[in-house]
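One-based numbering, in listed order, for ligands and for the atoms of each. The structure presented is a predicted model; accordingly, all values stated were derived computationally and were not measured.
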Amino acid sequence: MPLVAGVDSSTQSCKIVVRDAETGAVVRTGRAAHPEGTEVHPEAWWEALLAAVADAGGLDDVAAISVGAQQHGMVALDAAGAVIRPALLWNDTRSARAAADLIAEFGADELARRTGSVPVASFTATKLRWLRDAEPENAARVAAVALPHDWLSWRLRGFGGAGSSGDAGSGDGLAELATDRSDASGTGYWSPTSDDWDRDLLVAALGHEARLPRVLAPHGSAGVTAAHPGIPAGLVIGPGAGDNAGAALGLDARPGDVVVSLGTSGTVFAVTETVVTDTAGTVAGFADASGAFLPLVATLNAARVLDAVARVLGVDHAELGRLALTAEPGAGGLVLQPWFEGERTPNLPDATASIFGLTLAATTRENLARAAIEGMLCGLAEGLDAVLAQGVEASRILLIGGAAQSPAVARIAAEVFGRQIVVPTPGEYVAAGAAAQAAWALTGTRPSWSPEIATTVEAADAPVIREQYAAQRR
Ligand SMILES: Nc1ncnc2c1ncn2[C@@H]1O[C@H](COP(=O)(O)OP(=O)(O)O)[C@@H](O)[C@H]1O
Ligand SMILES: O=C(CO)[C@@H](O)[C@H](O)COP(=O)(O)O
């Protein structure tokens with residue numbers, strides 16, 4: 001059976017997995033870091049992708065590839081297909097004012113009805129409105145707007161690079177941009193009901209018309225690769241996806257599954273047959289990568305909360321977990337409100353983190369470690385409450401993402417959520433979903449690669465954790 005490659009170009013790194021198209025067995029992987037920051041030039045993503053390909057030993061034996069990537073990033077292209085400025089990422093909050101302006105102009109209910117979501121600073125539309133107001137010369141040059149996965153797929157085809165074959169300068173390159181429903185649904189100018197762009201909202205944001213990518217079907221193809229270092233010409237390119245939709249595909253998630261992802265972002269999402277529209281704006285009414293929908297809550301603060309506290313304590317993640325499990329639920333009264341990067345849910349873009357309940361007796365390394373994990377998870381638990389309040393069924397909670405590799409995080413998640421926690425074997429599920437897309441585009445059949453389960457942690461009863469956290473929210 002042929003081999004296929006899946007890419008996850010996420011906030012902190014680019015990961016590649018090569019899998020058997022039939023069995024889904026992982027053959028090899030590669031990884032390369034991304035620059036820090038909330039705005040990154042897309043060329044850095046391209047360099048990281050090539051480095052991850054090299055780290056994986058090249059793709060000469062691969063028949064198809066697809067790209068999952070961080071959602072929402074604003075890739076602004078001029079008429080020659082050149083990137084106008086570094087892309088504002090999903091976690092850049094400078095467009096919070098622009099989000100409020102768009103809501104004031106259209107009303108939250110109208111925007112939720114038209115796009116499935118009420119926009120926050122993460123959404124592409126708010127970044128375009130920021131560009132219009134803060135960098136009008138750059139906004140005037142925008143001929144096309146793409147998302148990270150769209151632009152990387154376009155680069156794989158040989159467009160957009162200096163001196164590349166099929167340079168968009170020939171005028172037809174921008175017409176070759178392509179995306180998928182899941183990533184389009186995170187822009188703030190795509191309609192999950194009409195399954196098409198809402199161009200009036202694009203114009204309202206940017207101030208003028210611009211080219212938008214074709215929206216491909218879940219098993220569509222964006223074309224074939226041009227030759228690049230480690231990448232042969234002629235590989236079928238799948239439609240690509242937003243990272244969370246990619247993870248849902250990689251997990252073969254079905255209605256009833258709720259996924260909690262603890263990466264750079266924290267996300268809670270589910271697969272539903274119908275679009276979910278939350279006019280309060282907490283749950284985003286996204287589309288998934290299989291032709292269904294992906295109601296989702298995202299936090300700006302997740303795995304990096306633990307990175308920060310581990311750094312302060314001078315320990316690695318294993319020791320942080322050991323310390324945390326030495327403390328009692330509730331961390332001796334310590335509560336970490338983990339809004340280090342501002343916060344998206346709740347929508348507090350200018351917030352900072354706070355720790356409450358410090359007494360001489362309670363201020364121990366163990367309690368600090370536990371408060372970090374509990375605080376991170378309480379933000380996600382509030383997201384789970386919001387998703388369930390939309391009528392979503394949760395018969396299984398799947399825990400993935402970098403921080404899910406910590407046994408302590410899974411144990412404490414069972415306390416915070418008060419539910420059984422299922423932990424798939426640690427792996428790159430966004431890239432797995434992209435690989436599944438590549439196999440689907442190649443063969444015409446959606447693979448059913450169910451993940452292995454590493455551990456299942458039974459629900460635990462520790463209401464004190466969320467009671468303490470909620471008390472600091474009032
Ligand atoms: N064993 C672990 N325990 C807790 N956090 C971890 C562990 N291993 C990695 N991480 C953290 O997970 C994050 C990376 O997760 P990942 O899902 O790859 O992020 P993203 O895809 O959003 O870039 C990093 O912040 C890293 O420090
Ligand atoms: O903004 C969202 C979802 O709406 C984030 O999930 C981003 O897509 C970033 O993902 P990671 O880098 O954390 O995987």
Side-chain angles (χ1 to χ4, degrees), residues 7-15 29 31-36 38 40 45 48 52 68-74 88-93 116-117 119-124 126-127 147-149 182-183 185-188 241-248 250 259-269 282-287 294-311 315-322 324 340-341 344-345 369 372-373 376-377 380 383 399-413 423 426-431 433:
V7 177
D8 174 13
S9 179
S10 64
T11 311
Q12 295 187 57
S13 61
C14 182
K15 290 134 309 174
T29 64
R31 182 189 199 95
H34 281 159
E36 287 279 332
T38 63
V40 173
W45 302 330
Q70 57 184 306
Q71 295 179 242
H72 314 300
M74 178 187 74
L88 297 189
L89 305 188
W90 68 279
N91 55 356
D92 187 289
T93 58
S117 306
V120 289
S122 286
F123 285 39
T124 324
T126 73
K127 301 177 191 300
L147 297 163
H149 111 248
S182 73
D183 231 356
S185 67
T187 58
D243 57 343
N244 296 291
V259 181
V260 175
S261 175
L262 301 173
T264 308
S265 67
T267 55
V268 181
F269 55 88
T282 303
V283 181
F286 292 159
L294 199 87
L296 180 143
V297 172
T299 65
L300 283 176
N301 301 280
R304 287 191 297 189
V305 173
L306 306 192
D307 294 348
V309 175
R311 185 168 57 245
V315 298
D316 62 13
H317 282 300
E319 180 59 11
L320 184 80
R322 192 197 64 74
F340 292 92
E341 299 271 274
R344 169 170 159 182
T345 311
I373 297 176
M376 172 190 69
L377 289 168
L380 276 300
L399 193 68
I400 63 169
Q405 299 174 82
S406 162
V409 167
R411 248 294 286 275
I412 296 171
V423 185
E428 294 301 338
Y429 288 99
V430 175

Query - Ala245 versus Ala287, closest heavy-atom pair with distance - result: CB-O, 4.4 Å
Query - From Leu294 atom CG to Ser182 atom OG, the distance as rounded to the nearest 0.5 Å - result: 8.0 Å
Query - Proximity winner for atom 5 (N) of ligand 1, if only heavy atoms of Ala403, Ala408, Gly263 are counted - result: Ala403
Report summary line: Closest non-hydrogen contact found for Ala324 with Ile412 is CB-CD1, 4.2 Å
**Report entry** Ser10: side-chain contact (heavy atoms from CB on, under 4.5 Å) partners, not counting sequence neighbours
**Finding:** Asp8, Ser13, Lys15
Report task. Answer yes or no for Arg31: is there a heavy-atom contact with ligand 1 below 4.0 Å? Result -> yes
Requested in this report: Mark up the atoms of ligand 1 that fall under 4.0 Å of a heavy atom belonging to Gly401, in ascending order.
Outcome: 17 (O)
Query raised in the report: If you take all heavy atoms of Pro426 and Gln405, which pair is closest and at what distance?
Result: CB-CG, 3.9 Å
Report summary line: Going by the 4.0 angstrom heavy-atom rule, the piece of His317 near ligand 1 is side chain
**Report entry** Minimum heavy-atom distance between His149 and Gly242, given as atom pair plus value
**Finding:** ND1-N, 4.4 Å
Report summary line: Quick note, salt bridge (Lys or Arg N to Asp or Glu O under 4.0 Å) partners involving residues 294-309, not counting sequence neighbours, are Arg304-Glu341
Report summary line: Closest to atom 1 (N) of ligand 1 among protein heavy atoms sits Gln405 CB, 3.7 Å
Query raised in the report: Do you know the tightest heavy-atom contact between Thr124 and Gly73?
Result: CG2-O, 4.3 Å
Report summary line: Distance col, row Arg344:CZ vs Phe123:CZ, nearest 0.5 angstrom, shows 5.5 Å
Query raised in the report: ligand 2: which residues have a non-hydrogen atom closer than 4.0 Å?
Result: Ser10, Thr11, Gln70, Gln71, His72, Trp90, Asp243, Asn244, Thr264, Ser265, Thr267, Phe286, Leu296, Arg344
Query raised in the report: Which value, rounded to the nearest 0.5 Å, describes the distance between Thr264 atom OG1 and Asn91 atom CG?
Result: 7.5 Å
Query raised in the report: Nearest protein heavy atom to atom 13 (C) of ligand 1, by residue and atom, and its distance?
Result: Ala303 CB, 3.6 Å
**Report entry** Nearest-contact summary for atom 26 (C) of ligand 1 - protein heavy atom, Å
**Finding:** Asp307 OD1, 3.8 Å
Report summary line: Note: ligand 1 atoms sitting under 4.0 Å from heavy atoms of Ser10 are 20 (P), 21 (O), 23 (O)
Report task. For Ser406, counting its heavy atoms only, list the atoms of ligand 1 lying under 4.0 Å from any of them. Result -> 3 (N)
**Report entry** Close N or O approach (Gln12, ligand 1; < 3.5 Å)
**Finding:** yes
**Report entry** Contacting atoms of ligand 1, where contact means under 4.0 angstrom from a heavy atom of Thr264
**Finding:** 19 (O), 20 (P), 22 (O), 23 (O)
Report task. Around atom 17 (O) of ligand 1, find the nearest protein heavy atom and jot down its residue, atom name and distance. Result -> Gly402 N, 3.0 Å
Query raised in the report: At their closest point, which heavy atom of Thr267 faces which heavy atom of Ala298, and how far apart are they?
Result: CG2-CB, 3.9 Å
Requested in this report: Kindly write out the residues that satisfy side-chain contact (heavy atoms from CB on, under 4.5 Å) with Ala404, not counting sequence neighbours, or none if the list is empty.
Outcome: Leu399
Report task. Compute the minimum heavy-atom distance from Lys15 to ligand 1 and say whether it is under 4.0 Å. Result -> yes
